[in-house]
Amino acid sequence: MTATLSNNDSTTADLPSDAPPIPEGATMVTVKIERFNPEVDEDLHWESYRVPALPTDRVLNLLHYIKWYIDGTLTFRRSCAHGVCGSDAMRINGVNRLACKVLLKDMFAKSGETTITVEPIKGLPVNKDLLVDMEPFFEAYRAIKPYLVTSGNEPTRERTQSIAERERFDDTTKCILCAACTTSCPVYWSEGSYFGPAAIVNAHRFIFDSRDEATEERLDILNDQDGVWRCRTTFNCTDACPRGIQVTKAIQEVKRALMFRR
Amino acid sequence: MAGTTATAAETRPREEYPRAKGTLYRGDLGMWSWVAHRITGVLTFFFLFVHVLDTALVRVSPNAYDTVISTYKHPVMILFELGLLAAVLFHAFNGIRVMLIDFWSEGTRFQRPMLWTVVGLWLVLMIPAAISMLTRAITELFGGH
C-alpha cells in the first residue's frame, strides 16, 4: 500500500476490509491486550492484534483502531481523550499510564518488531477487558471528606487566602482521580484496605488549605491503620501520576503533620 | 451510594470479578530498593535466628557449643559471612535513606541520588571486603600449609 509497508503485504492483507487506508509513514505494531469477558471467560487471557501506527499516534488511537475495525467487543473507558478527564488509566508496557498521553514515537522498539502490552490497572476488580470497577477507589476518596468544611456564617464575599497559602497545596489540586497512582502501589495490591495514594493526595489538598476547618478530622482518619502509615515510599505513585503530582511528597507531608503538628 | 449500587446488585458481586495479575509491574527505582530492603531484612533475621540458637547451645552443653562454633571456622563459611555483610550493609544504608525520606522535608526530592549514594557506599565497602575475605577463604582452602 504505502512505501513503508510494501514489503509487508502479508500483514496488510490481514487488515479488515472496511479499515481506512493506512497512512503514509505508518508501521505495523503488535498490541497485546489482557482481556476478560465476564459472560464467557473464567479468567483473564491475552489477545494480540496487528495494527498500523504513526509516531504521532497515542496508544488510545490503537485501541480505537482495534475496537472500530477488528473487534468491537473490546471494552475500555475514555472520555475526553486528551489527558484531562482521567478515564483511560491502564497498564501500558508494565506501568500505569493514561492511554491518551502515551505517544507511539516513544514506544517503537529500537530494532525489530514493536509489541505494546496493555493490561487493566491492578488491585481493582476487572469488570470487562480494560474496564475496572472503580467503586473501592471512590469509597476511599469519599472517606477522607474531599470537600471544604467550615463553621459559622458564610462570608458575603469569597473566602480569601494569600498567594503563599494557596501555593501550599497547589500540587495536590491537580488530581484528576484516574487511579493510576493508587493502582501502582504494591501495598494497595496486597492489602486492599489501604486508602491509597489518591485519597491521601485529596486529603492533603484540604488539610493544607488555610480556609478549611476539618484538618484534625482528616488527620484522624488518615492516622488509622489503613491510613498514611501503610505507605512504604516505593515512589511508584509519583512515577505513575499523569499530572506530575509529587504524590509521595504529599503523603510524607501528611505523615509529618501527624508526627509534629499535634 | 444507593443509586450507584442499584444496578450493580443485578450483576455478580464484586468479589467474583478477577483482578489483573499480568506482567511484573515495572515500578520506580524506589520500589526495587524497597524489595531489596525486605529481602536483606529477612536474610539478616535468619542470621540472627541462627545466632541466637547457637549461643543458646552453651546452656545445653559447652561441648556442643564448641562443636558448632568450630564448624563456623570452615573457609566455606566465609561466603556466608560475606553474604551477611552484604545484606546488613545494604539494609543499614537504605534504612538511613528511608528515615531521611520520612523525616527530612527534602527527602522525597533526593530519593534517587540518595539511593545511588547507598549503592555507591555499599560497593566501596563490599569490593575490598570481598577481595580480602575471598582471598582468605581461597588460601585456607587450597594454599594451606
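Chain letters run A, B, ... following the sequence lines, proteins first, then strands; residues in each count from 1.
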Charged N to carboxylate O under 4.0 angstrom, A:Asp129 versus A:Arg35?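 Judged by the 4.0 Å cut-off on N to carboxylate O distance, A:Asp129 and A:Arg35 do form a salt bridge.
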Salt-bridged, B:Glu106 to A:Lys249, with N to O below 4.0 Å?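 Answer for the salt bridge query: no.
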Under 4.5 Å from a heavy atom of chain B, the part of [X] involved:
{"X": "A:Ile251", "result": "neither"}
{"X": "A:Asp133", "result": "side chain"}
{"X": "A:Arg232", "result": "both"}

Checking A:Lys255 against A:Thr233 for the side-chain contact (heavy atoms from CB on, under 4.5 Å) test, could you report, in this order, the C-alpha distance in whole Å, the side-chain angles of both residues, the deciding distance, and whether it holds? CA-CA 11 Å; A:Lys255 282 184 191 170; A:Thr233 59; 4.1 Å; yes
Side-chain donor-acceptor distances from residues 94-103 of chain B under 3.5 Å, at least two apart:
unit_1: B:Asn94; atom_1: OD1; unit_2: B:Arg97; atom_2: NH1; d: 3.0
unit_1: B:Asn94; atom_1: ND2; unit_2: B:His37; atom_2: ND1; d: 3.0
unit_1: B:Arg97; atom_1: NE; unit_2: B:Gln111; atom_2: O; d: 3.1
unit_1: B:Arg97; atom_1: NH1; unit_2: B:Ser33; atom_2: OG; d: 3.1
unit_1: B:Arg97; atom_1: NH2; unit_2: B:Gln111; atom_2: OE1; d: 2.7
unit_1: B:Asp102; atom_1: OD1; unit_2: A:Gln252; atom_2: NE2; d: 2.6

Could you have a look at A:Arg91, A:Glu34, A:Lys122 and say which one has the most heavy-atom pairs with chain B under 4.5 angstrom?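 The candidate making the most pairs under 4.5 Å is A:Arg91.
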Quick check for you: among A:Thr183, A:Asn127, A:Asp239, which has the greatest number of heavy-atom pairs under 4.5 Å with chain B?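 Heavy-atom pair counts peak at A:Asn127.
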Specify which of B:Gly107, B:Gly27, B:Ser105 makes the most heavy-atom pairs with chain A at under 4.5 Å.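 Going by pairs under 4.5 Å, I would pick B:Ser105.
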Can you label the angle between the B:Phe45 ring and the B:Phe49 ring as parallel, tilted or perpendicular, going by 30° and 60°?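 Parallel, since the angle between the ring planes stays under 30°.
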